[in-house]
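Data block below; observations after.
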Amino acid sequence: MEYLRGQRHRDHQPRHRGPKISRHLYGHFAEHLGRCIYGGFWVGEDSPIPHEGGIRLDVVEALRALNIPNLRWPGGCFADEYHWKDGIGPRDRRPRMVNTHWGDVEENNHFGTHEFMALCELLGAEPYISGNVGSGTVREMSEWVEYLTRDGDSPMVRLRKANGRDEPWRVKFWGIGNETWGCGGNMRAEYSADLARQYATYCRDHGDNQLYRIAAGASDDDYKWTETLMQQISCFGCEATPRTFFQGLSVHYYTLAGPWEAKGSATDFDTDDYYRTMLSARKTDRILTGHSTVMDLYDPGRTVGLVLDEWGTWWDVEPGTNPGFLFQQNSLRDALVASTHFDIFHKHAARLYMANIAQTVNVLQAMLLTDGDTLVLTPTYHVFEMNKGHQDATSLAVHLRTEGARRHVGDAELDTLSASASAKDGTVLISLSNLDAEEPAEVTLDLRGRSISEPTARLLTADKLQAHNTAQAPGAVAPRPFDGLKVTAQGITLTLPPHSFLTVQAALA
């Protein structure tokens, strides 16, 4: 038996309320890579596909249904070869470039700063802009901030107005480089940290637009990189408030089932591959714990945020597609990777401020797949939608009694039940994932300290782990109502099917 338990508290409120779950943990990522921008978000003003100013409206509508909180752009690796002034002004006069990172294709710069800001306005999402540190200059990034956010009169303000925008935008989130340890410059940690201080100094707050500067951080479990960054703003074990060169630092971690050179297929995999994938996804908890622990030594007050601005599954591209476009299908396995990540994110909400899945449309673990005028919602999309009630909610401590809910995967052990819970506006939302490929899980939900009423549930699963949605079968993996809840004196009991994701929502009485 597996139980989800709380603790009884004499004031009849759910005890062990945790930190607020930032809505920005449900962030997204759009890079000039494959068909993410062109054919995904952008179809152009001459397209027969319904659009607004060239921005594809069915994509906008689908993402608005997720309450998308932020969108990271223009990369990724592309950010460090992107020069923003090439992407402003009349489109037919914008210079072209070669996208050397992704497919070695020509980039016409038709989707640039103004188009991106228009997209964010349509989505109701906050823009997160990654600046060019790898091949750019301090002045270039400083002027981009000025162009977007300054009011009044200045050279960049006049340039913006000449391009049709009188009022400044509000742009809070700025990334200072991307993967400077790799495609962003192959730098040493010490050199990258010095650049982070330098660039952050010249990324100014204009008017009341307060920047949240995010320094390019570590890959995977490179805790030394995080320590080097933290040493730039604070001292080991001291009580001093960290200096405000940057307000956050990033980390990137992708889920793989095998080695980088042979990632495997998104849909042609066996149960052993599946369990290795789940073990890799679960490793996210250890990685976030490690980076958070290092940050705690230099910032015990947790004033600096940890930002996981690239995460998700990475498989071999679909046969017959450009290997540099990173197009992969999206199965129930990917959905369970996402649901497990969100439970981990909620657990780390005290330090983890933002997370961005890679990527939103047609690339890697996408929400949406497009083909001409066809739009397909992926299984991962449905996890985001089912979980959106956690955004800006108060996390609740979850105590799992999971005798037997484990699988041996090689020399490791995989916990096959994952859960998180939150409360907001008089409602509790509980998320449950059964990662066991074959066995159901008997679950009792016991929210001690306060009663609940009118529970409802939704289930996401399919007959096979490899199930995925296509234009011919768009609902092969889609949520459906779940009527298997039983209210007893012990709480709510249910049987969670194998390889499934379930959300339970109830009013707090």
Side-chain angles (χ1 to χ4, degrees), residues 27-76 78 82 84 86-97 99 102-103 105-129 148 160 163-167 169-171 321-322 325-327 330 356-364 366-378 380-381 384-385 469-472 474:
H28 295 260
F29 175 28
E31 184 168 5
H32 288 240
L33 195 173
R35 294 189 299 110
C36 184
I37 298 296
Y38 301 104
F41 283 109
W42 179 259
V43 292
E45 293 179 314
D46 298 329
S47 175
I49 297 172
H51 64 86
E52 183 168 325
I55 296 169
R56 186 170 175 151
L57 287 178
D58 56 353
V59 168
V60 169
E61 180 182 4
L63 293 175
R64 284 183 66 90
L66 301 182
N67 296 342
I68 175 174
N70 69 73
L71 184 63
R72 180 176 180 242
W73 172 85
F78 181 79
Y82 180 70
W84 69 270
D86 293 344
I88 59 174
R91 293 192 195 99
D92 60 357
R93 300 180 192 174
R94 296 179 189 179
R96 294 171 178 253
M97 62 174 288
N99 188 339
W102 304 120
V105 295
E106 189 174 79
E107 161 71 47
N108 62 21
N109 280 312
H110 283 189
F111 188 91
T113 296
H114 288 252
E115 291 78 14
F116 174 66
M117 295 306 298
L119 171 62
C120 289
E121 289 174 345
L122 288 173
L123 292 171
E126 290 196 53
Y128 170 14
I129 292 181
L148 278 161
R160 184 188 71 230
N163 288 324
R165 174 78 182 196
D166 289 339
E167 299 299 318
W169 288 282
R170 298 193 67 83
V171 184
T321 65
N322 188 321
F325 283 8
L326 304 188
F327 177 77
N330 193 295
N356 303 77
I357 191 166
Q359 292 184 11
T360 312
V361 189
N362 291 330
V363 172
L364 297 175
M367 305 294 102
L368 310 171
L369 304 178
T370 67
D371 185 5
D373 61 358
T374 301
L375 177 74
V376 174
L377 309 181
T378 69
T380 298
Y381 174 95
F384 273 72
E385 189 277 324
N469 298 331
T470 64
Q472 294 72 38

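Along the sequence shown, residues carry numbers from 1.
Within the 3.5 Å criterion, the main-chain N or O of Ala30 finds no donor-acceptor partner in the side chain of Arg72. Side chain of Asn70 to main chain of Glu126: no donor-acceptor pair is present (N/O by atom type, distance under 3.5 Å, no hydrogens or angles). For the pair Tyr381 (side chain) and Ala62 (backbone), a donor-acceptor distance under 3.5 Å is present. A donor-acceptor distance shorter than 3.5 angstrom exists from the side chain of Asn99 to the backbone of Trp102, with no hydrogens or angles considered.
By the 4.5 Å heavy-atom criterion applied to side chains, Ile129 and Phe116 are counted as neighbours. Here the side chains of Trp169 and His114 are in contact, with some heavy-atom distance below 4.5 Å. Contact check for Leu368 versus Asn362: no side-chain heavy atoms found under the 4.5 Å cut-off. Inter-residue side-chain proximity for Glu385 and Leu66 is flagged as met; some heavy-atom pair is nearer than 4.5 Å. A heavy-atom distance below 4.5 Å is not found between the side chains of Thr378 and Asn469. Side chains of Ile68 and Phe384 form no contact here, defined as non-hydrogen atoms less than 4.5 Å apart. Using a 4.5 Å heavy-atom cutoff, the side chains of Phe327 and Asn322 are not in contact. Using a 4.5 Å cut-off on side-chain heavy atoms (C-beta onward), Ile357 and Met367 make contact.
Minimum interatomic distance between Arg35 and Thr370 (heavy atoms only, all atoms of both residues): NH1-O, 2.8 Å. Nearest heavy atoms, Glu115 versus Gly112: OE1-N, 2.8 Å. Taking every heavy atom of both residues into account, Gln359 and Glu31 meet most closely at NE2-OE1, 3.0 Å.
Distance check: Asn67 CG to Leu63 CG gives 11.0 Å after rounding to the nearest 0.5 Å. Separating the OH atom in Tyr128 from the CG atom in Leu71 is a distance of 11.5 Å, to the nearest 0.5 Å. With rounding to the nearest 0.5 Å, the separation of CG in Leu122 from CD1 in Ile55 is 5.0 Å. A distance of 10.0 Å separates CE in Met97 from CD in Glu106, rounded to the nearest 0.5 Å. Arg94 CZ to Ile88 CD1: the interatomic distance, rounded to the nearest 0.5 Å, is 8.0 Å.
Sequence neighbours left out, the pairs with a member in residues 55-66 that pass side chain to side chain donor-acceptor pair (under 3.5 Å) are Arg56-Asp58.
Applying the ring pair (Phe, Tyr, Trp, His ring centres under 6.0 Å) test between Trp73 and each of Phe78, Phe29, Tyr82 identifies Tyr82 as the sole match.
For the side chain to side chain donor-acceptor pair (under 3.5 Å) test, residues two or more places apart in sequence or in another chain that qualify with Thr380 are Asn330, Gln365.
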Exercise. Tell me, with the steps shown, if Val376 and Thr374 meet side-chain contact (heavy atoms from CB on, under 4.5 Å).
Key: CA-CA 7 Å; Val376 174; Thr374 301; 4.3 Å; yes
Can I get a per-line list of side-chain donor-acceptor pairs under 3.5 Å for residues 37-47, giving both atom names and the distance, sequence neighbours left out?
residue : atom : partner : partner atom : Å
Tyr38   : OH   : Glu107  : OE2          : 2.5
Tyr38   : OH   : Asn108  : OD1          : 3.4
Tyr38   : OH   : His110  : N            : 3.4
Tyr38   : OH   : Phe111  : N            : 3.1
Glu45   : OE1  : Arg91   : NH1          : 3.1
Ser47   : OG   : Ile49   : N            : 3.0

